[in-house]
Protein chains: 2
Amino acid sequence: MPDAADPAPMNAPSRRKFRREGEERRRQDLIEATLDCVAELGLQGATLRTIALRAGVTAGLIRHYFPGKEELLQEAYTALVGRMTEQAKAALVMEDASPRERLAAFITANLNPPIIDARVFSLWATFLGRASADPTLARAHREGYLGFRNEVEAVVAEVLAAEQRKLDAGQLRHHAIAINAIIDGLWIEGCLAGEMFSPGELAAIGIKAVEAELGLAPLEQFQEK
Amino acid sequence: MPDAADPAPMNAPSRRKFRREGEERRRQDLIEATLDCVAELGLQGATLRTIALRAGVTAGLIRHYFPGKEELLQEAYTALVGRMTEQAKAALVMEDASPRERLAAFITANLNPPIIDARVFSLWATFLGRASADPTLARAHREGYLGFRNEVEAVVAEVLAAEQRKLDAGQLRHHAIAINAIIDGLWIEGCLAGEMFSPGELAAIGIKAVEAELGLAPLEQFQEK
DNA sequence: TGGCTATTTATACACTTGCACAACAAGGCC
DNA sequence: GGCCTTGTTGTGCAAGTGTATAAATAGCCA
C-alpha cells in the first residue's frame, strides 16, 4: 500500500529518461556489466537488478535481449573465454621472429598484465567452479582450453623443428600439456598474489621452466647475469 | 492461510523426531553438508535450507552453531584448505626413502585420485573466485598455498643436497615456484578433464617436467621404455 | 510534422532467502 | 521417575529474487 505521506507527489509521473541504443551495443554493455558484477560480487551478487544498474538501464530490459538470466551468464562466460584465448594467442602473431623468440614472447605475454589480472582470475574461477555441474560452461571452457593447448603444441613443434629435433606425436602432446600446466600454474600464482613477485619474475621463471622441459639451452637474452 | 482441506489433521502436532548430537559432530556434519552443497550447487545454491536438509536437520539449527551463513562458509573453506594441504603433505612422510623417491611420490600423489577430484576442484574454484573480494577467504588460501610451497621447497632442497648441488635462496625459491606451478597446472587439467588422460599419465608428465626443471637425470624406474 | 513501432521503463507477483523467536522434547542429573 | 537444561524444531517476517506484462516514449520514416 502506498505511503499516504509521499514526500514528492508534486507532478506525479516523472518517468526516467532514456536513450535507444543499437542492439549490439546494448548486448555488449549488458554482458560487460554482468562480468563486472560476477567479478566483484560473485554469482550470487550478480542479480538482474545489480547488472542493470551497472549497465545504466532498468532490470526489465534484460529480458528484452536475453531469454533469462542463465542465458545472459552463459553468453558472458563465452565472451570471457573468447577474449582470454584471443588475447593469449595474439602474442603469437609476430612476423619475422624465430620460433624460440615467439615462444618466449608468448610466455612473457601470458605472465604479465593484462593477462595476469585479478578480475579475470576471479571470473575464471567463479565460472569454472560451476563447470562440473553445467555442461554449457564445461564445453565453453574445454574449447578455449584445447584451442590454447593446440597453439602451444604448434609453437613447440616449430621450436623443435628449428633445432632439428624429431618427436613423435605422443611426446609432443606431453610437452604441450606440461608447458600448458606451467603457464596456467604461474598465471594463477600471479593473479592471486601478484605483489609477491617482482615485475617480469614470473615470466623469467616460466621461460626457464619451459626451456628445461624442452631441453633447450637458454637464449642469451634471457640468461642470468 | 492454512488449507481448510488439510489432508492429515488427525492429531494435530506430529513434530519431527530428532536426536541430540555432540557439538563437534554437528558442526562437522554441517560443514560437510555445506561443502557438498557448494560443490554441487554453487554458492548461490548453498542455502541454509538446502544445507540443513543435507545435514539431516532443519534450517534453524544452523544458527545455533554458527553466527550466520557467512561464518559457516568461511569455516567450511578453512576446513577444505586444511584437508587439501594435509592430504598433499601426507605423501611426503615416507620414512627411509631417498629425497628423489619422496619427491616423485609427492608428485604422483598430487596427480592422482583422491587429490585429483572434480568435487574438490569445484570447491577450490568456487571459493577462490571470491577470494579477491573476501579477505578472510584470501588469507585462508594464502596460508594453505604457502604451506604447500614451503613443503615443495624443502624437498627440493633435500634432493639437490643429495646431488651435491648448492643453490642460493633465490634459485631455490624459483624452483619451488615453478614446481608448484607444474603441479597446480596439471592438477587442474586432471580435475577438469580427467578422462582425457590415461591413469598415471599426468603423474608421469609431472615427474618428467619437475626433473627437467631441476636438471636431474631420470630415475630408472620412471624412464621411458 | 505526425504517427508507428520497438525499445525501455515501471509495476506486480509468486517465490526464495537469511534471520529471529517461541514452542518443544531429548536425555542427563538428582 | 521427575525435572531442567539446551539442542532442535517450526513458524513468521522483511528483504530480495527472477519473471511477466502493461504503460510510456524515443526516434525513424513518410
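A, B, ... follow the sequence lines: proteins, then strands. Residue 1 opens every chain. Both backbone and side-chain heavy atoms feed into the values below; hydrogens, waters and symmetry mates do not.
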Expected output: side-chain [X] to main-chain [Y] donor-acceptor under 3.5 Å:
| X | Y | answer |
| --- | --- | --- |
| A/Arg102 | A/Ala97 | no |
| B/Arg130 | A/Glu40 | yes |
| A/Thr50 | A/Ala46 | no |
| B/Ser122 | B/Ala118 | no |

Interatomic distance where [atom1] belongs to [X] and [atom2] belongs to [N] [whole Å]:
| X | N | atom1 | atom2 | answer |
| --- | --- | --- | --- | --- |
| B/Leu53 | D/dT9 | CG | C1' | 14 Å |
| B/Gln44 | C/dG18 | CD | P | 12 Å |
| B/Leu61 | C/dC24 | CG | P | 18 Å |
| B/Arg15 | D/dG10 | CZ | P | 6 Å |
| A/Arg25 | C/dT7 | CZ | P | 16 Å |
| B/Glu23 | D/dG7 | CD | P | 7 Å |
| A/Leu30 | C/dT7 | CG | P | 13 Å |
| B/Glu24 | D/dG7 | CD | P | 13 Å |

OP1 or OP2 of D/dT17 sitting under 4.0 Å from any side-chain N/O of A/Thr47? yes
Phosphate oxygens OP1/OP2 of D/dT8: is one of them under 4.0 Å from a side-chain N or O of B/Tyr65? yes
Closer to the 5' end of DNA chain D via nearest nucleotide, is it B/His64 or A/Ala46? B/His64
Identify all pairs in which a protein N or O lies below 3.5 Å from an N or O of nucleotides 19-21 of chain C, and state each distance.
unit_1, atom_1, unit_2, atom_2, d
C/dC19, OP2, B/Lys69, N, 3.1
C/dA20, OP2, B/Arg63, NE, 3.1
C/dA20, OP2, B/Arg63, NH1, 2.3
C/dA20, OP2, B/Arg63, NH2, 2.2

Between the protein and nucleotides 26-30 of chain C, which nitrogen or oxygen pairs come in under 3.5 angstrom?
unit_1, atom_1, unit_2, atom_2, d
C/dA26, N3, B/Arg20, NE, 3.4
C/dA26, N3, B/Arg20, NH1, 3.4
C/dA26, N3, B/Arg20, NH2, 3.1

Between A/Glu71 and A/Arg27, is there a side-chain N and carboxylate O pair less than 4.0 Å apart? no
Check this for me, if you would: do A/Glu32 and A/Arg119 make a salt bridge, where the nitrogen-to-carboxylate-oxygen distance has to be below 4.0 angstrom? yes
So what does B/Glu21 touch, heavy atoms closer than 4.0 Å: a base, only the sugar-phosphate, or nothing? sugar-phosphate
Give me the ring orientation class for A/Phe148 and A/Phe106: parallel if the planes are under 30° apart, tilted from 30 to 60°, perpendicular past 60°. tilted
Crowded around A/Glu95 CD? As in, over 12 foreign heavy atoms under 6.0 Å? no
Point-to-point distance, once rounded to the nearest 0.5 Å, from CG of A/Asp184 to CH2 of B/Trp187: 12.5 Å
